[in-house]
Asks: 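Okay, handing you the structure first.
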Amino acid sequence: MRLFQLYAFSQQLSGDFSMSNTITRFAPSPTGHLHIGGARTALFSWLLARHNGGKFVLRIEDTDQKRSTQEYTDAILESMKWLGMDWDGELMYQSERFDLYNSYIDKLIETGHAYWCDCTSEQVDAMREKAMKEKRKPKYDGSCREKNIGPGENRVVRFKTPIEGRTSFNDMIKGPITVENIELDDMILRRSDGAPTYNLAVVVDDHTMGVTQVVRGDDHINNTPRQVLIYKALGWDVPRFGHVPMILGPDKKKLSKRHGALSVMEYQKMGYLPEAVVNYLVRLGWSHGDQEIFSKDELIELFNTEHLGNSASVFDTKKLDWVNCEYIKAKAPAELIPGMRSFLPEGTEVADEYLEKIIPLLQPRATNYKEMADMCDFFLVSADELKYDEKNVEKVLTPEAIDHLKEITAKIEADSEFSHDSLEAIHKGYLEEKELKFKAIGQPVRLALCGKIQSPGGLYDLMLVLGKDETLARMKKTITLA
RNA sequence: GUCCCCAUCGUCUAGCCUGGCCUAGGACACCGGCCUUUCACGCCGGCGACAGGGGUUCAAAUCCCCUUGGGGACGCCA
């Protein structure tokens with residue numbers, strides 16, 4: 001035990017020494033969109049590289065040519081860009097490196113670390129079933145290990161996993177992990193169609209790309225000892241590994257579509273800000289004391305793997321909403337214009353200047369761009385196009401209310417200043433004069449201005465944004481409704 | 001089934017490595033109040049957790065063991 005701790009410690013040291021030339025990577029397979037969980041893993045990996053001033057490389061794992069598509073590759077790249085994760089160097093495709101993988105497979109055969117196998121899938125399935133029945137771990141039984149057969153039709157190459165001993169590595173997140181080699185079976189390195197398998201390709205790529213820290217989902221933990229064995233068989237240094245726990249749905253099951261577990265780009269479609277999604281995702285599973293909101297620069301400055309949690313976490317949309325609100329409130333109104341525009345009804349024509357005046361009223365109330373766009377609908381039409389909430393027209397526009405509106409309209413018309421102060425003076429003065437409570441005019445005026453009795457903004461703010469002419473036009477039109 | 005991983009409020013977490021400052025802190029959510037011309041924002045307060053059991057120790061959320069619970073992997077997928 002003590003010996004092992006010493007070993008772990010030396011691993012830690014070698015990790016620290018290489019900090020100055022950190023190279024991390026993200027290696028998605030283009031068989032689907034970039035999922036929120038994958039995005040978080042990518043973020044951790046990206047942050048680790050940026051924090052250390054190192055490199056972050058992106059590799060497309062498309063060795064499974066049946067399921068990989070260019071569309072998904074493009075979609076993944078789009079998501080990476082949206083979240084602001086930039087990568088260094090050329091994008092790499094595993095499908096372009098088959099010759100390289102095969103040269104290392106040949107080397108492993110030459111050095112006695114791998115062998116050809118002519119067992120069929122059916123035979124192997126039978127072995128697994130048998131093992132399962134005998135309450136053992138299902139695995140290939142190694143029957144071709146010593147056959148010494150050569151290449152041939154429908155043959156695969158398998159790794160000759162040591163039968164004795166154990167394989168350990170010191171995970172950056174989970175700590176020391178050890179597996180008995182006997183638990184591992186002789187994995188396939190080269191498929192019968194000549195394509196390399198994941199475990200072989202990953203090792204060759206990570207080594208040739210100089211990756212120093214492999215950050216990936218913890219569903220890969222079981223693959224890691226196998227990969228360590230390949231590194232050693234090839235005589236290569238083993239990088240450090242960090243296995244990020246997965247994200248769960250509210251039912252604590254693996255996040256999936258039925259939870260609304262969506263691809264990254266769907267969060268854009270729902271109106272979230274990329275910075276907020278990044279902030280939420282990083283904070284899910286990582287912490288820096290009690291701090292909740294981090295700018296991208298802060299994240300880069302503060303990120304470390306020590307504070308990554310080692311248990312799975314539940315995705316909480318409510319908290320994402322809260323983070324998104326915080327970002328909306330913190331932004332300068334002008335910064336929100338482009339994002340909000342994309343959610344406006346098609347064909348809406350509105351000047352930036354006008355939106356910039358509207359947005360401050362929306363900021364404390366909206367959780368996302370879509371809500372912002374929805375909330376300000378009444379601002380974007382002219383007085384004669386404004387739709388009124390019929391029920392409230394009947395309820396609120398009593399004969400008395402109409403009288404109030406008439407008198408207030410006249411006073412506003414005569415007000416040359418048209419400022420928050422002057423408008424307040426007009427309304428308060430009118431109420432005092434008539435000995436009324438604000439209730440008497442609050443709803444009628446709001447209804448006149450917005451067509452509804454609930455809207456963002458105080459009455460005077462609303463008027464100021466609309467401008468004097470539009471305010472009067474709306475008031476006057478409302479008077480004719482009753 | 002076998003192996004691996006994990007375990008603090010409903011949720012995200014601080015604290016754990018380097019036991020005592022923890023009558024366990026913060027945030028989201030929830031509930032109440034204040035503010036207020038709607039709805040919000042904001043402010044104040046409340047609810048609420050060390051999975052269980054054994055050890056070790058003067059002292060354990062923190063170290064060790066067991067149990068339980070959850071998750072993952074077991075592919076010519078990645």
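Given the structure is predicted, the values throughout are model-derived calculations rather than measurements. Letters A, B, ... mirror the listed sequences (proteins, then strands); counts begin at 1.
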Asks: Take atom NZ of A/K252 and atom C1' of B/rG72, then tell me their distance rounded to the nearest Å.
Replies: 16 Å

Asks: Measuring only the P atom in each nucleotide, how far is B/rC50 from B/rA24? A whole number of Å is fine.
Replies: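 Going atom to atom, P in each nucleotide, I get 11 Å.
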
Asks: Distance check, P atoms only: B/rC77 and B/rC65, in whole angstrom units.
Replies: 39 Å

Asks: Just compare B/rA78, B/rA14, B/rC5 and give me whichever is closest to any side-chain atom of A/T197.
Replies: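 Among the listed nucleotides, the one closest to the side chain of A/T197 is B/rA78.
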
Asks: Just checking A/G309: base, sugar-phosphate only, or nothing, at a heavy-atom cut-off of under 4.0 Å?
Replies: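 Here A/G309 touches no strand at all.
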
Asks: Would you indicate what A/H288 reaches in the nucleic acid, counting non-hydrogen atoms under 4.0 angstrom: base, sugar-phosphate, or nothing?
Replies: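 Since no nucleic acid heavy atom lies under 4.0 Å of A/H288, the category is nothing.
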
Asks: Looking across every strand, which nucleic acid part, if any, lies under 4.0 Å from A/C117 by heavy atom: base, sugar-phosphate, or nothing?
Replies: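 Since no nucleic acid heavy atom lies under 4.0 Å of A/C117, the category is nothing.
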
Asks: With the side chain of A/P364 defined as its heavy atoms from C-beta on, choose the nearest nucleotide among B/rU37, B/rC74, B/rA40.
Replies: B/rA40

Asks: Give one of base, sugar-phosphate or nothing for A/T63, where a contact means two heavy atoms less than 4.0 Å apart.
Replies: sugar-phosphate

Asks: Whole Å only: how far is the CD atom of A/E292 from the P atom of B/rC28?
Replies: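 The distance from CD of A/E292 to P of B/rC28 comes to 7 Å, rounded to the nearest Å.
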
Asks: Could you tell me the Watson-Crick or G-U partner of B/rG69, where both distances fall under 3.5 Å? Say none if there is no partner.
Replies: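 Looking at the geometry, B/rG69 pairs with B/rC6.
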
Asks: May I ask you to evaluate whether A/R191 reaches the phosphate of B/rA78, defined as a side-chain N or O under 4.0 Å from OP1 or OP2?
Replies: yes

Asks: Between B/rG48 and B/rU57, how far apart are the two P atoms, rounded to whole Å?
Replies: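 One P to the other, the span is 36 Å.
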
Asks: If the C1' atom of B/rG42 is compared with that of B/rU62, how far apart are they to the nearest Å?
Replies: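 So the two C1' atoms sit 38 Å from each other.
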
Asks: Between B/rU38 atom P and A/L361 atom CG, what is the distance in whole Å?
Replies: 15 Å

Asks: Has A/K253 got a side-chain N or O lying under 4.0 Å from the OP1 or OP2 atom of B/rG71?
Replies: yes

Asks: Taking atom P in both B/rC21 and B/rC63, what distance in whole Å separates the two?
Replies: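 Result for the P pair: 15 Å, nearest Å.
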
Asks: Describe the nucleic acid contact of A/N223 in one word from base, sugar-phosphate, nothing, applying a heavy-atom distance below 4.0 Å.
Replies: base

Asks: Among B/rA27, B/rC76, B/rU37, which nucleotide sits nearest the side chain of A/S121?
Replies: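 Of all the options, the side chain of A/S121 is nearest to B/rC76.
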
Asks: Over how many whole Å does the gap from A/R216 atom CZ to B/rA73 atom C1' extend?
Replies: 13 Å

Asks: Does B/rA60 pair with anything, Watson-Crick or G-U wobble, both distances under 3.5 Å, and if so, with which nucleotide?
Replies: none

Asks: Would you please confirm or rule out a distance under 4.0 Å between OP1 or OP2 of B/rA7 and any side-chain N or O of A/N310?
Replies: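 It does, given that an N or O in the side chain of A/N310 lies less than 4.0 Å from OP1 or OP2 of B/rA7.
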
Asks: By the 4.0 Å heavy-atom rule, please label A/S192 as base, sugar-phosphate, or nothing.
Replies: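 Base contact - A/S192 has a heavy atom under 4.0 Å of at least one base atom.
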
